[in-house]
Amino acid sequence: MEVEAYVGPQDPACHAYGHRRTARTEPLYGEPGTAYIYFTYGMHWCLNAVTEPRDFPAAVLIRALEPIAGFETMRQRRGKAPLCSGPARLCEALGVTGRLNGSSLQRGTLRIVQGKKPKPGDIVTGPRIGITQAIDWPLRFYLKDSPWVSR
DNA sequence: CAAGTGATTAGC
DNA sequence: CTAATCACTTGC
């Protein structure tokens, strides 16, 4: 329902800005379809999908999902609504942690698969949330009028 | 609105 | 080594 793009070495908000390559950012340099999962603010996990070929460090942050199954499990993990609206909320609901960092999102236990194709014009863009650099880059993409987007 | 929380990072 | 930062969430 909602993602943000972090588009590589030239993007000041990307963890791999200036080709920063450390233990944390290493998965960003991997195959497209790799999970990049990082821990932030001392308590939250965030899930990204690596998007570009090996050695070009770019990814999309998954910010919101439409929950379609496993409500009871997600409810137990989260304790409350919203279940999957927010990058750290959806990780908690799905049980996503650093254990899956670097794994394949195409063949692993956590997968991203083709869903309903949105109609032209249903996806809109806007500024990314929660960053201080390049805030004017319209790299947040979300489904118009969706009740599931985080904002 | 501010606090919580600890890994990560740059800079000595 | 130290200190600043942080792609967030919750509760006031």
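Here is how names work: the chains are called A, B, and so on, in the same order as the sequence lines, proteins then strands, and each is numbered from 1.
Residues from residues 70-87 of chain A placing a heavy atom under 4.0 Å of any atom in DNA chain C, listed by number, are A:R78, A:K80, A:G86, A:P87. Residues from residues 91-99 of chain A with heavy atoms under 4.0 angstrom of DNA chain C: there are none.
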Set out, line by line, the N/O atom pairs under 3.5 Å between protein and nucleotides 4-8 of chain B.
unit_1, atom_1, unit_2, atom_2, d
B:dT5, O2, A:Y41, O, 2.6
B:dG6, N2, A:Y41, N, 3.3
B:dG6, N2, A:G42, N, 3.4
B:dG6, N3, A:G42, N, 3.3
B:dT8, O3', A:R24, NE, 3.4

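In this structure, A:R54 is not positioned above the aromatic face of A:F56 in the sense of NZ or CZ being under 6.0 Å from the six-membered ring centre and within 45° of the axis.
Here the C1' atom of nucleotide C:dA7 and the CZ atom of A:R151 are 11 Å apart, to the nearest Å. Note: CG (A:N48) to C1' (C:dC8) measures 13 Å, nearest angstrom. Between the NE2 atom of A:H15 and the P atom of C:dC8 there is a distance of 9 Å, given to the nearest Å. Distance A:L28 CG to B:dT9 P: 11 Å, rounded to the nearest Å. Between the OH atom of A:Y6 and the P atom of C:dC6 there is a distance of 12 Å, given to the nearest Å. Atom OH in A:Y17 sits about 16 Å away from atom C1' in C:dA7, given to the nearest Å.
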task: Quick one: do A:R111 and A:L105 satisfy side-chain contact (heavy atoms from CB on, under 4.5 Å)? Show the steps, please.
output: CA-CA 4 Å; A:R111 300 186 191 195; A:L105 293 171; 5.9 Å; no

task: Let me see the working for A:L47 and A:L110 under side-chain contact (heavy atoms from CB on, under 4.5 Å), right down to the final yes or no.
output: CA-CA 11 Å; A:L47 169 66; A:L110 175 65; 4.1 Å; yes

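Hydrophobic clustering keeps A:Y6 apart from A:I37 (ILVMFWY residues linked when any side-chain heavy atoms are closer than 4.5 Å, directly or through intermediates).
Nearest to the side-chain atoms of A:T132 among the listed nucleotides B:dT9, C:dA7, C:dC6 stands C:dC6.
Of the charged side-chain nitrogens involved, none lies within less than 4.0 Å of a carboxylate oxygen, so that A:R128 and A:E4 do not count as a salt-bridged pair. Taking a cutoff of 4.0 Å between a charged side-chain nitrogen and a carboxylate oxygen, A:R77 and A:E92 do not qualify as a salt bridge.
When only modelled atom types and interatomic distance are considered, A:E66 and A:S146 share no side-chain donor-acceptor pair under 3.5 Å. Remark: the A:T25 side chain and the A:R20 side chain contain no N/O donor-acceptor pair separated by less than 3.5 Å.
In this structure, A:Y142 and A:R140 have side chains that are in contact, with non-hydrogen atoms separated by less than 4.5 Å.
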- prompt: Could you spell out the base pairing of DNA chain C in dot-bracket, with Watson-Crick or G-U pairs whose two distances are under 3.5 Å, [ ] crossing and | to another strand?
  reply: ||||||.||||.

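Under the rule for a ring-ring contact (aromatic ring centres under 6.0 Å, His included), the partners of A:Y36 that lie at least two apart in sequence or sit in another chain are A:H15, A:Y38. Under the rule for a side-chain hydrogen bond (donor to acceptor under 3.5 Å, both in side chains), the partners of A:D55 that lie at least two apart in sequence or sit in another chain are A:R21.
Heavy atoms of A:A13 sit under 4.0 angstrom from at least one base atom. When heavy atoms are screened at a 4.0 angstrom cut-off, A:I131 is found touching the sugar-phosphate backbone but no base atom.
Note on A:R140: every side-chain N or O is 4.0 Å or more away from OP1 and OP2 of C:dA7.
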